[in-house]
2 protein chains.
Amino acid sequence: MTLGTVMAMAAPVRGPGSPRHADTRREIVSAAWDLAAERGLLGWTLKDVAEVVGMRAPSLYVYFAGKNDLYDAMYADGCTALLARGERISRDGAPVDVLRRVARVYVGFCVANPARYQLMFLRTVPGFTPSQSSYALALEILRLTREVLDAAGAGSQADLDLWTALVTGLATQQISNDPGGRRWRRLTDDAVTMYAAARCLR
Amino acid sequence: MTLGTVMAMAAPVRGPGSPRHADTRREIVSAAWDLAAERGLLGWTLKDVAEVVGMRAPSLYVYFAGKNDLYDAMYADGCTALLARGERISRDGAPVDVLRRVARVYVGFCVANPARYQLMFLRTVPGFTPSQSSYALALEILRLTREVLDAAGAGSQADLDLWTALVTGLATQQISNDPGGRRWRRLTDDAVTMYAAARCLR
DNA sequence: GTCTATATTTGGATAGAC
DNA sequence: GTCTATCCAAATATAGAC
């Protein structure tokens, strides 16, 4: 077995696993997100997606095993995006300030794309459940959240759960009852203040 | 025009508006809720509903103009149920105690039937929007909530919005991440305590 | 008011040529 | 890898007999 053969196994020039293949996959996922943002998480078909990327529907099956597999890729994509944003948040300053930054990022992320929020956090797509590898990314988000809360002095299970309820509630209400507005979003800092006071953080 | 004719116009013996017709409508709505609770809000068809009530699908069109009309009746039914529960809550005792009772009822109601919660508060059914008369019931729920909060000394818009975010968040998390459990539900009292403290209520 | 039969549409998925 | 053609299944909704 030559070195070339080994490298080809790791990253083949063509076929599944090739850079070209991965690029097209990303392009398809991106098109699906655009449609979901525009028409809702369930408001598009494989034919619609294919049209956006300049293909016919059956060609998508070269890249995804089916619609649920595409949802799974979208799920993983959403997790990666939130994770990237979460890791960039500064941990400097008083705990309550860090928490405020985290809450703003989370609520902002959810509100920015209701369909994405629905897929990632509401689990409301009929037959869909994330694959193990995608779900691992969601757990990573949770781990990061736990880490931040722990550093702020709110490390118990109840602390974490009340936190997620609070930020999720703001996002849910904003999306459901004032889409595109700021009615709940603007309460984010107040909510964190309330949370920190009850937890005796500063 | 005889008295009999007038009464027949108000409540005809047969046809739309008759007691029999209304009974059948209720029976159909009830069957739809059963299916929604079991298979999810979108996990059933008109054929399924018809089967439960011992009919064929086309017969349902005698009672509802279509599936969205049935969803609308379910929406109104859910609002009426929550409203009835809300009006039965005692307003005796300290404000914080009243709020605790209200929160328990609300979260309990949502958690008891995730599909109902999804229809009423998440607005995630593709083509559905409640009719004006159904939506009036939802506004009545909001009015009642505002009334209770006002009596407790939390009468501002921000007070109301933070409240709805809090209880909605608990319900959302419970349903999405621990269905059938108590992980978030049991934090209801804590959450109200936190809310009341921040609002300087007692 | 309920039925059978059917229209209509849709959308996911597969087969096989190129 | 992409296409055309097609299958298959489902689900809403309508027509018209009884």
Side-chain angles (χ1 to χ4, degrees), chain A residues 8 11-32 35-36 38-75 115 119 125-129 131, chain B residues 8 11-32 35-36 38-74 115 119 125-129:
Chain A
V13 174
R14 75 185 70 183
S18 74
R20 168 90 179 83
H21 191 88
D23 283 349
T24 307
R25 263 183 75 101
R26 269 188 291 275
E27 194 186 348
I28 293 168
V29 169
S30 170
L35 287 168
E38 193 183 332
R39 309 183 198 169
L41 187 54
L42 283 64
W44 50 271
T45 67
L46 291 180
K47 197 185 171 200
D48 297 329
V49 177
E51 190 174 354
V52 172
V53 300
M55 281 182 184
R56 303 291 180 162
S59 304
L60 296 177
Y61 285 82
V62 172
Y63 303 96
F64 297 96
K67 197 177 186 182
N68 274 348
D69 192 32
L70 176 52
Y71 274 127
D72 191 57
M74 294 166 76
Y75 182 91
L119 176 65
V125 178
F128 172 70
T129 10
S131 65
Chain B
V13 175
R14 76 184 70 182
S18 75
R20 167 92 178 81
H21 190 89
D23 283 350
T24 308
R25 263 183 73 102
R26 269 189 290 274
E27 196 187 346
I28 292 167
V29 168
S30 169
L35 287 168
E38 194 183 330
R39 308 183 200 169
L41 186 55
L42 283 64
W44 50 272
T45 69
L46 292 179
K47 197 184 172 203
D48 297 329
V49 177
E51 191 174 355
V52 172
V53 299
M55 282 182 182
R56 302 290 180 160
S59 303
L60 296 177
Y61 285 81
V62 172
Y63 302 95
F64 297 95
K67 197 176 187 183
N68 274 348
D69 192 31
L70 176 53
Y71 274 128
D72 191 58
M74 295 166 76
L119 177 65
V125 178
F128 171 70
T129 10

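Proteins get letters first, then strands, A, B, ... in listed order; numbering begins at 1 in each.
- When distances are taken from the side chain of B:Met55 to each of C:dC3, C:dA13, C:dG1, the shortest belongs to C:dC3.
- The CG-P distance, from B:Leu42 to D:dA11, rounds to 11 Å in whole Å.
- Checking C:dG1, C:dT4, D:dG1 against the side-chain heavy atoms of B:Pro58 singles out C:dT4 as nearest.
- In this structure a side-chain-to-backbone donor-acceptor pair under 3.5 Å is present from A:Asp48 to A:Thr45.
- If you take CD of B:Glu51 and P of C:dC3, they are 12 Å apart, rounded to a whole angstrom.
- Residue B:Lys47 places none of its side-chain N or O atoms closer than 4.0 Å to OP1 or OP2 of D:dA11.
- Rounded to whole angstrom, the span from the CG atom of A:Leu60 across to the C1' atom of C:dA13 amounts to 12 Å.
- For A:Lys67, the side-chain atoms get nearest to C:dA13 when compared with the rest of C:dG1, C:dA13, D:dA11.
- If you take CG of B:Leu35 and C1' of D:dA11, they are 15 Å apart, rounded to a whole angstrom.
- A residue-by-residue look at A:Asp48 and A:Ala65 shows that A:Asp48 has its nearest nucleotide of DNA chain C further toward the 5' end.
- Side-chain N/O atoms of B:Ser30 and B:Arg26 include no donor and acceptor closer than 3.5 Å.
- Closest to the A:His21 side chain, of the nucleotides C:dG12, D:dG1, C:dT2, is D:dG1.
- No more than 12 heavy-atom neighbours from other residues, nucleotides or ligands sit within 6.0 angstrom of CZ on A:Arg56.
- Rounded to an integer number of Å, the gap from CD1 of A:Ile28 to C1' of C:dG12 is 16 Å.
- Between B:Asp72 and B:Phe64 the shortest side-chain heavy-atom distance does not fall below 4.5 Å.
- Using a 4.0 Å heavy-atom criterion, one finds that B:Phe64 contacts no nucleic acid atom at all.
- Atoms CD (B:Glu27) and C1' (C:dT2) sit 14 Å apart, rounded to a whole Å.
- In this model, the phosphate group of C:dG1 is not approached by any side-chain N or O of B:Ser59 to a distance below 4.0 Å at OP1 or OP2.
- In this structure, A:Leu46 atom CG and D:dT2 atom P are separated by 15 Å, rounded to whole Å.
- Taking side-chain N and O atoms only, A:Tyr61 has no distance below 4.0 Å to OP1 or OP2 of C:dG12.
- A distance of 13.5 Å separates CG in A:Asn68 from OH in A:Tyr75, rounded to the nearest 0.5 Å.
- Taking atom CZ of residue B:Arg25 and atom P of nucleotide C:dG1, one finds them 12 Å apart after rounding to whole Å.
- Heavy-atom distances to DNA chain C give each of A:Trp44 and B:Arg20 a nearest nucleotide, and the one nearer the 5′ end belongs to B:Arg20.
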